[in-house]
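Remarks on the structure that follows.
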Protein chains: 2
Amino acid sequence: MLLLIPGPVQTRPEVRAAMAVDIAPWDDDFRVEHAALRERLLRIAGGTPGEHTVLPVTGAGHAVVEACLRTFVPAGGKVLIPANGTYALRMVRLAREAGRVPVTLEVPDTRPVRAEEVAAALAADPAIGHVGMVYSETGSGIVNDPEAIGAVVRAAGRRLIVDAVSAFGALPFRMDAHPECDALAFTTGKCLEGMPGIGIAVARIDRLTACAGQAGSWVLDLAAIHEYALSNGPGRHRFTPAVQVLRALGVALDFYEQEGGQPARLARYAENARVLYEGVQSLGLTPYLEWRHQGPVIVTVHQPPDPAFTLPGFVAALKARGVLISNFFNTTAPTFRVGCIGTVTPADMRVAVEAMRGALDSLGVRQRAAA
Amino acid sequence: MLLLIPGPVQTRPEVRAAMAVDIAPWDDDFRVEHAALRERLLRIAGGTPGEHTVLPVTGAGHAVVEACLRTFVPAGGKVLIPANGTYALRMVRLAREAGRVPVTLEVPDTRPVRAEEVAAALAADPAIGHVGMVYSETGSGIVNDPEAIGAVVRAAGRRLIVDAVSAFGALPFRMDAHPECDALAFTTGKCLEGMPGIGIAVARIDRLTACAGQAGSWVLDLAAIHEYALSNGPGRHRFTPAVQVLRALGVALDFYEQEGGQPARLARYAENARVLYEGVQSLGLTPYLEWRHQGPVIVTVHQPPDPAFTLPGFVAALKARGVLISNFFNTTAPTFRVGCIGTVTPADMRVAVEAMRGALDSLGVRQRAAA
């Protein structure tokens with residue numbers, strides 16, 4: 001089965017197999033391994049030892065994003081969230097339920113957020129202390145620009161939190177180039193091509209210290225995780241982690257480095273997305289985004305207007321042809337979504353396009369272009 | 001290596017191997033598997049379909065315990081926590097940082113909490129709405145009595161939350177016999193002999209409905225997890241779980257049922273603890289607890305007063321002999337701790353005792369009895 005979902009992704013057999021072992025997380029050998037893993041992740045995030053640190057939180061991306069919001073935005077504090085998709089709206093909900101005050105900047109889900117929109121919103125409300133942005137919006141496939149948005153946040157003297165859950169490892173970001181950034185959040189099971197189960201924040205140490213005590217949750221407090229590692233050693237965990245996921249991530253990072261790191265991974269995913277985008281067009285389908293806004297993580301496609309098309313029917317017909325895609329969508333208009341990340345190649349994407357051709361033909365879907 | 005730690009435990013090869021596979025959590029096949037897993041866990045917890053439900057939270061035991069406190073104890077609400085060990089004190093911290101008001105009932109860490117102590121504390125403060133109790137206190141190895149404590153909570157018209165993290169699956173508890181119990185919390189990686197990474201709450205549906213909206217966290221809100229499963233189907237997850245851990249748990253439950261379920265597992269662990277307890281005595285060592293208070297999950301032993309003994313030296317000497325124990329302790333007095341849970345047998349415990357004999361001899365530890 002070819003897994004074309006935006007995470008958990010298709011992994012290498014060696015990565016999966018690394019999970020099949022019992023590990024005592026507090027064992028001295030594993031502590032060394034975990035400390036080394038944190039250092040490797042810091043390098044990938046462009047962090048500086050002593051200035052930034054790597055903080056794992058067992059849980060989904062949502063858990064580490066909530067942890068970032070709780071740790072750095074004080075209770076009752078305002079956080080501007082530019083929203084052009086589902087994951088931004090989820091950040092809004094995470095902030096609101098944690099007792100922070102999200103200010104939603106609504107943007108159509110068919111284009112990136114513009115830096116000047118963020119600048120205007122910050123100028124209009126001096127009480128906004130933070131901007132929380134989604135880098136790769138898995139809802140539609142759009143990529144927002146943390147360089148441009150980071151610059152206006154910095155210029156306005158505010159702080160940035162980047163949800164890079166479906167971006168990290170493929171799309172570039174360097175913490176040391178973003179002094180305005182409190183934290184960058186990502187997970188093990190997306191573009192790093194590890195297994196799902198752990199969220200990770202790379203955060204500024206000075207800000208962790210300054211913000212200690214305001215999380216309102218022991219479990220989701222990045223400052224407490226940092227303090228524990230400081231007091232007990234960089235390989236120690238406060239609580240039992242999904243430790244096999246960390247072991248597998250180490251193996252995944254070996255392959256990541258062998259492939260050539262972030263530039264090589266981005267190049268492969270971008271080519272995957274291009275083959276897929278052009279492939280669905282060749283089938284008569286209409287991609288949801290204009291090509292200039294299309295990110296490399298997920299390609300979203302309008303559902304054909306033909307009454308013979310149903311999403312469950314199409315997903316089942318694809319599955320019968322060995323291709324698994326999501327059985328739901330997150331855009332304003334009805335779409336289907338196809339992931340371009342994981343251990344998949346442009347050749348796999350051509351296979352997927354042929355499977356789609358077969359599925360559409362077998363369902364009798366003739367009217368394919370979006371209205 | 002023989003893993004003798006109180007979780008993550010030693011598992012069967014088939015359980016570990018079940019992790020080595022990519023899974024799309026939203027795939028229809030996995031949804032059926034996950035829904036069936038929830039039903040199996042409900043049966044083990046003595047829950048009634050329609051009255052109780054099973055709610056997984058990716059994270060450590062601490063995450064699901066915090067979720068229980070947040071979901072059922074309102075912000076500012078008082079929760080009485082009888083504390084005879086580290087895990088109860090951790091529950092105190094989880095409650096306090098979540099903005100609840102823990103009332104600590106201090107009890108020596110060498111005996112169980114008495115029901116009359118709980119009754120007196122509840123009578124003294126009518127503002128206490130909940131009791132949060134630790135069933136098996138991994139700090140020392142003591143087992144507290146949820147039957148007796150549950151009865152006084154019920155009689156006082158208060159609500160109960162049970163941290164059964166290191167108890168569930170081995171020590172008996174039936175939700176349908178405890179109408180006063182809002183939630184029972186446990187994890188995948190302890191007495192069920194699965195892999196670590198997911199906490200699970202079995203909770204009352206009427207209480208989830210009544211308490212909706214008070215968690216102050218979207219990630220750690222059991223009511224929201226329940227609502228999502230109601231709206232989207234019992235196999236659906238809100239967020240990407242550590243999905244391989246769920247797959248492995250299903251395999252672990254097959255072995256659990258084959259072994260004879262809770263009574264058989266308790267019998268094996270109790271025999272493990274007896275062999276270990278008598279074994280360390282035969283080496284001249286002094287167990288931390290009197291035998292009558294000794295639970296079946298972990299045996300804690302006083303560190304010998306001989307200056308030749310150091311905990312790191314002893315742990316390393318045992319590891320060189322193929323036995324891994326914790327390299328820290330959680331009791332008032334210096335101890336070492338040896339887990340009795342996981343896929344280990346009384347024969348393994350005899351091996352462990354012989355390894356301890358060799359380790360103590362090699363270190364030259366002659367004075368062994370506690371002062």
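The sequence lines fix the lettering, A, B, ..., with proteins before strands; numbering per chain opens at 1.
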Residue A:Asp28 versus chain B: region with a heavy atom under 4.5 Å:
both
Heavy-atom contacts under 4.5 Å, residues 57-64 of chain B to chain A:
B:Thr58, B:Gly59, B:Ala60, B:His62, B:Ala63
Distance-minimising heavy-atom pair for A:Leu3 and B:Ala24:
CD1-CB, 4.3 Å
Quick one: does any side-chain atom of A:Asp22 pair with a main-chain N or O of B:Thr11 as donor and acceptor, under 3.5 Å?
yes
Cation over ring, A:Arg90 on B:Phe239, under 6.0 Å and within 45°?
no
Nearest heavy-atom contact between A:Ala242 and B:Gly197 is CB-CA, 3.8 Å
With a 4.5 angstrom heavy-atom cut-off, is it the side chain or the backbone of B:Ala67 that approaches chain A, or both, or neither?
neither
Part of A:Asp29 within contact of chain B (heavy atom distance under 4.5 Å):
both
salt_bridge(B:Asp27, A:Lys319) N-O dist < 4.0 Å
yes
Could you have a look at B:Ala98, B:Ala316, B:Gly342, B:Gly216 and say which one has the most heavy-atom pairs with chain A under 4.5 angstrom?
B:Gly216
Does any backbone or side-chain atom of A:Ile23 lie under 4.5 Å from a heavy atom of chain B? Answer side chain, backbone, both or neither.
backbone
Using 0.5 Å steps for rounding, measure from the CZ atom of A:Arg70 to the CD atom of B:Glu97.
11.0 Å
Contact between B:Glu66 and A:Leu220 at the side-chain level, heavy atoms closer than 4.5 Å - yes or no?
no
Which answer fits A:Ile5, side chain, backbone, both or neither, if we ask what part of it has an atom under 4.5 Å from a heavy atom of chain B?
side chain
Against chain A, label B:Pro241 side chain, backbone, both or neither, depending on which of its atoms sit under 4.5 Å from a heavy atom there.
backbone
CG-CH2 distance between B:Leu69 and A:Trp218, expressed to the nearest 0.5 angstrom
12.0 Å
Side-chain heavy-atom pair A:Asn327, B:Arg31 within 4.5 angstrom cut-off
yes
Quick one: are A:Pro8 and B:Gln244 in side-chain contact, heavy atoms under 4.5 Å?
no
